[in-house]
Amino acid sequence: MTEKLGIDSSNIRKVLAKLIPKNIVEGFGGHCGGYKLIVNPKETTLYDIYVAITFKRGIS
């Protein structure tokens, strides 16, 4: 993903880490770790992702 998007992997991990508590992605550790989308992409909007990475928990 980092090569395709031309973005540093640490930046991608920071964004994905914000999506975990919002139950948008699931993270797996270890040698074969990674991330898995756990929402239906047809039902998830760009706004949902924006809200998940922009606003802190507890703020509505």
Side-chain angles (χ1 to χ4, degrees):
M1 185 187 297
T2 61
E3 292 174 7
K4 185 174 182 176
L5 297 175
I7 301 172
D8 187 50
S9 62
S10 64
N11 290 332
I12 293 175
R13 282 193 303 271
K14 288 176 188 176
V15 171
L16 290 171
K18 291 181 180 183
L19 298 176
I20 292 172
K22 301 294 184 178
N23 295 318
I24 296 174
V25 298
E26 184 176 12
F28 301 95
H31 177 68
C32 295
Y35 295 88
K36 176 183 174 184
L37 187 65
I38 57 175
V39 294
N40 183 339
K42 292 182 179 183
E43 296 175 1
T44 305
T45 66
L46 183 57
Y47 181 74
D48 295 328
I49 305 300
Y50 171 78
V51 169
I53 64 173
T54 304
F55 298 105
K56 295 182 180 180
R57 277 190 231 168
I59 298 176
S60 47

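Any value given below was found using the heavy atoms of this structure, including those in side chains, with hydrogens, waters and symmetry copies removed. The shown structure was predicted, so the numbers you read here are calculated from the model rather than taken from an experiment.
- Annotation for T44 and N40: closest pair OG1-O, 3.0 Å, computed over non-hydrogen atoms.
- A distance of 11.0 Å separates CG of N11 from CG of L16, quoted to the nearest 0.5 Å.
- Counting heavy atoms of neighbouring residues, nucleotides and ligands inside a 6.0 Å radius, atom OH of Y47 does not exceed 12 of them.
- Partners of S9 under the side-chain hydrogen bond (donor to acceptor under 3.5 Å, both in side chains) rule, at least two apart in sequence or in another chain, are R13.
- Applying the side-chain hydrogen bond (donor to acceptor under 3.5 Å, both in side chains) rule to D8 yields the partners S10; only residues at least two apart in sequence or on another chain are considered.
- Contact annotation: the side chain of V39 never approaches that of N23 to less than 4.5 Å [non-hydrogen atoms, C-beta and beyond].
- Side-chain contact check for I24 versus I38: every heavy-atom pair is 4.5 Å or farther apart.
- Side chains of V25 and I20 form a contact here, defined as non-hydrogen atoms less than 4.5 Å apart.
- No continuous path of ILVMFWY side-chain contacts below 4.5 Å connects Y35 to L46, so the two sit in separate hydrophobic clusters.
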